Amino acid sequence: MSSAVLPMEGAAASPRLESFSYDDEIVRKFLWATFIWGLVGMLVGLIVALQLANPIFNQTEWLSFGRLRPLHTNAVIFAFAGNAFFTGAYYSTQRLLKARMFSDALSKFHFWGWQAIIVSAALTLPLGFTQAKEYAELEWPIDIAIAVVWVAFGINFVGTMVKRRERHLYVALWFYVASIVTVAILHIFNNLSMPAGLFKSYSIYAGVQDAFMQWWYGHNAVAFFLTTPFLGLMYYFMPKAAEGPVFSYKLSILHFWSLVFLYIWAGPHHLHYTALPEWASTVGMLFSVMLWAPSWGGMINGLLTLRGAWHKVAEDPILKFFVLAVTAYGMSTFEGPLLSIKSVNALAHYTDWIIAHVHTGALGWNGFLTFGMVYWLLPRLFQTPIYSKRLMELHFWIATFGILLYIVAIYSAGVTQGLMWRAFDETGRLAYPDFVETVVRLLPMYWLRVAGGSLYIVGMLLFGWNILMTWRKRPAKYEVPVITAPALAKKYVPEPSHVGAPVPAGLWARFAAAGWHRTWERMPITFTVLTTIAVVVASLFEIIPTFLIRSNVPTIATVQPYTPLELAGRDLYIAEGCFNCHSQMVRPFRHETERFGEYSKPGESVYEHPFLWGSRRIGPDLARVGGKYPHLWHVRHFENPPSITARSIMPAYPHFLTKTLDFEQIQSRVDAMAMLGVPYGDAVNQAPAMARAQATEIAAEIERQGGPAGLGDKQIVAMVAYMQRLGMDLKRQPTTVGVAK
Amino acid sequence: MADGKDSRTDRLLEHEYDGITEYDNPMPRWWLLTFAGTVIFSVVYVFNVGPVGNGKGRIADYEAEMAAAAALVPPTPTAVDPSQLLAMAKDEEAVEEGEEVFTTYCASCHGPDGGGLIGPNLTDNMWIHGGAPESVYKTIAEGVLAKGMPPWEKSLKPEQMTSVTAYVLSLAGSSPTNPKAPEGEPYTP
Ligand code: HEM
């Protein structure tokens, strides 16, 4: 590599040489997991893409869109990107710190624990166990497991920093530290919930506050799970592959701290024009706008590291992957602030535009960085030259073309639908009052996405083939090189700042030459604490007012808790994942109130544990659907949607008509809600009886309307009860609006 | 400064990590200016200066939008001419147009041939809300929300309203495949 000068040599007063080796076995394990889960996650993505293009692909209740979409997002984020991060982090951290991981046992626990969590996700999500919060769907026992495994990873990481043989922390490690700390905080505080059974719980927050916490988490899951870890990987693997120095250390410092501090505020940009207070929405927007430059700082440092190495890019597919990854990162982080601007978000929110944005980041940035990194690692980990450079090159071009096809199709789908929703004709009526018309228009684009996604998966298969064939050429026994390096001396001996500069004499000269930041880089624990403070302080600035300002949520006297039967219906709505396609949040725009009814008020959601506002509108908003249709309409619609709306793409739910509702279980649900402070009154003692009474009434009405008899104990009555309740509180008299007690 | 070859460009920092070195390059000026620009924009936005800011707020904006629309939209002609509707019911072209509207919006509840499903049979001579052309029009326009019949006046165009009414009138006496039992009072023109 370019610089041969080892700073420790001669620097330490008494260089006690130590011998050790790196744990590459764990890196190999994570590498395999990355590929396998990546392929699985993407195949599930292909299935959900097909389901949107044609509802016939929704087969059985366990594999319908509402249950598979969260499986796709969880698999690609936590299983694919997660394992990719661990692969790169375990490889680079040991080398950057000149130390083996703190504990091999913890490394193994981390690996097997994480894979077990993924398997449990793959089992529970199709079964309908979900908390209904995006990227935090997994139920409470799995959440506890995640916290434990993550903390083990954290201890292992911090332990390695403590026993390091390299005085200073390189920028990649700053990003790892920030990611590990912040993900732990986000995960714990967003998932606080009240269990109502082994695989059922309700968020302890309700309505506006739950929405706020969820997107504080949700946005920062993107930030600290998909962005900062990968920036860390970029800072290690990109200069390694380019064999040149990083462009600017100063830029690293400024963009690191500004990212860490600013990112955490940005969550409310997912909730523009909802019932979230407007001040929070504004804060979310402005901090997102301010994130543009800090994000681009990472892109600049990545791309400019290639100055003078551009000729290598033409020949080296690994560098090609990195260049495209960093470019995609630049695109998404320009688009992100743009989408955060309220007026732009008004058009894009709820549409496929958001999905296109996400996939630029996910397929381009996370995917390509992972591919480049793994290809770079293969010969080093399997200790044999890579099987085929031509396959790498082919993978690059096929996947690039796949991304383009995917995002161009889905951008145009998003913009088309957004414009159709808001179009009025010359008589002042909605130009497309029939919602399904705005869906059918997108189907050709959905098919193009299937094609683009398939290409990306073909790329994955080439990737897998190359990994497998390289692995097969591995030596009979891996060599484990013994590294020798001096232990860290107790006392820090000043070093020159620049190559060829004199050693600074005196405190001030040292400070001026190397800077304050250099001092922090010598203190891993302090550095970790400072990062934590940056994240926590920024969070509290938003969280405290959201929870304390009562006037944020003016109460509405007619808003009452759901009846036990309605609650049971709501639980089914959650289990089926209906919220993945239907919003329950009408924004204050004329085209929305004309289409759906009165805009949603914060006070309507006070008993919503968890909130179900949704973030996509693949189907129409449901906030005001109560009383809009007769019971029988819902029965027929759930049984077979096209019998009501010929071109509907909604999956059918015939099992609602055949499966028996567990009335006894409703008691535990009501009790959990009551513990969270929902005023349930009598229902606390007699929920099943109340539910049965209401069910009998609904079943009789269905029969009276000409529907089938004998539905009184089936799930369908709970679903009908819930549907007919939505939005009815506002219509009840009298409506008195005031500030909470 | 950013791209110039002054003495500060590409000075290698002394440290090295696993072979990775770093330059002490200054941050690109355009980047710093962009950052500063977004911060200034944010401050201005908070103080709501001119077009930059929340303006009057989202609810006030919504109310203004609704007021502007109310002023724009010409009130729908409420008085329909019964004889014109009857004439249309005999006009093949109008009935065909009406059928298209019916298939899209009404068939889900009244059956593809109007024989009744969730909603009542529209082909018999029994009517819950009256079978006179103007009564049928009124039921379709205003709906019977409490009974599950949506109002259509706001989502259908005036010509769609009249043509679908004409279509419903034209169904009188037809024989649907699976007719629902009659409901309401008989009507004879
Ligand atoms: C400066 C950085 C970024 C900002 C300010 C930003 C902003 C946004 C905004 C405004 C939305 C739309 C919210 C809505 O209307 O529903 C969004 C959605 C999303 N973004 Fe970004 N973005 C950034 C970078 C990224 C990157 C790099 C990735 C991927 C690695 C990413 C992944 C996502 C995801 C997963 C969603 C979907 C959320 C949902 O399900 O609604 N973002 N982002």
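For the numbers below, each heavy atom of this structure counts, side chains included, while hydrogens, waters and symmetry mates do not. Predicted, not measured: the structure shown is a model, and the values here were computed from it. Chain letters run A, B, ... following the sequence lines, proteins first, then strands; residues in each count from 1.
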When the ring centroid of A/Tyr273 is compared with that of A/Phe589, is the distance short of 6.0 Å?
-> yes

Closest-packed option against chain B by number of heavy-atom pairs under 4.5 Å, given A/Leu254, A/Leu96, A/Val171 = A/Leu254

If one checks every heavy atom of A/Tyr236 against chain B at 4.5 Å, the contacting part turns out to be both

Please determine if A/Glu701 and A/Arg704 form a salt bridge, counting it only when a charged side-chain N lies under 4.0 Å from a carboxylate O.
-> yes

Sort out for me which of A/Gly297, A/Gly627, A/Ser643 touches chain B most, counting heavy-atom pairs under 4.5 Å.
-> A/Gly297

Please state whether the side chain, the backbone, both or neither of B/Leu156 comes within less than 4.5 Å of a heavy atom of chain A.
-> backbone

Side chain, backbone, both or neither: which part of A/Asn301 has an atom under 4.5 Å from a heavy atom of chain B?
-> neither

Chain B contact via A/Ser258 - which portion, at a heavy-atom distance below 4.5 Å | side chain

Highest number of heavy-atom pairs under 4.5 Å with chain B: which of A/Glu437, A/Glu594, A/Met285?
-> A/Met285

Once the angle between the rings of B/His110 and B/Phe102 is folded into 0 to 90°, is it parallel (under 30°), tilted (30 to 60°) or perpendicular (over 60°)?
-> tilted

If one checks every heavy atom of A/Val283 against chain B at 4.5 Å, the contacting part turns out to be neither

Okay, A/Ser92 and chain B: the region with an atom under 4.5 Å from a heavy atom over there is neither

Should the ring pair A/Tyr170 and B/Tyr17 be called parallel, tilted or perpendicular, given that the plane angle runs from 0 to 90° and is split at 30 and 60?
-> tilted

May I ask you to name which of A/Thr593, A/Asp425, A/Leu430 has the most heavy-atom pairs under 4.5 Å with chain B?
-> A/Thr593

Heavy-atom pairs under 4.5 Å with chain A, option from B/Val46, B/Asp61, B/Leu117 with the top count = B/Leu117

Between A/Pro239, A/Ala646, A/Pro294, which has the largest tally of heavy atom pairs under 4.5 Å with chain B?
-> A/Pro294

Which bit of A/His168 comes within less than 4.5 Å of chain B, counting heavy atoms only: side chain, backbone, both or neither?
-> both

Is it the backbone or the side chain of B/Lys157 that comes under 4.5 Å from a heavy atom of chain A, or both, or neither?
-> both

Output the option from A/Lys628, A/His272, A/Lys342, A/His255 having the highest count of non-hydrogen pairs under 4.5 Å with chain B.
-> A/Lys342

With a cut-off of under 6.0 Å to the ring centre and 45° to the axis, is B/Arg58 in cation-pi contact with B/Tyr62?
-> no

Side-chain donor/acceptor of A/Thr645 to backbone N/O of A/Ser648, under 3.5 Å = no

In terms of ring plane angle, is the pair A/Tyr629 and A/Trp633 parallel, tilted or perpendicular, where the classes change at 30° and 60°?
-> parallel

Contact origin within A/Leu97 toward chain B - heavy atom pairs under 4.5 Å | neither

Any B/Pro28 side-chain heavy atom under 4.5 Å of A/Ile300 side chain = yes

By a 4.5 Å heavy-atom criterion (distance strictly below it), what part of A/Leu262 contacts chain B: side chain, backbone, both, or neither?
-> side chain

Of the backbone (N, CA, C, O) and the side chain (C-beta and beyond), which part of A/Arg587 lies under 4.5 Å from a heavy atom of chain B, both, or neither?
-> neither

Heavy-atom check, side chain of A/Ile341 versus side chain of A/Val289, under 4.5 Å | yes

Quick one: is the NZ or CZ of A/Arg590 closer than 6.0 Å to the six-membered ring centre of A/Phe424, and within 45° of its axis?
-> yes

Over 60° means perpendicular and under 30° means parallel, so classify the ring planes of A/Trp292 and A/Trp296, tilted if in between.
-> perpendicular

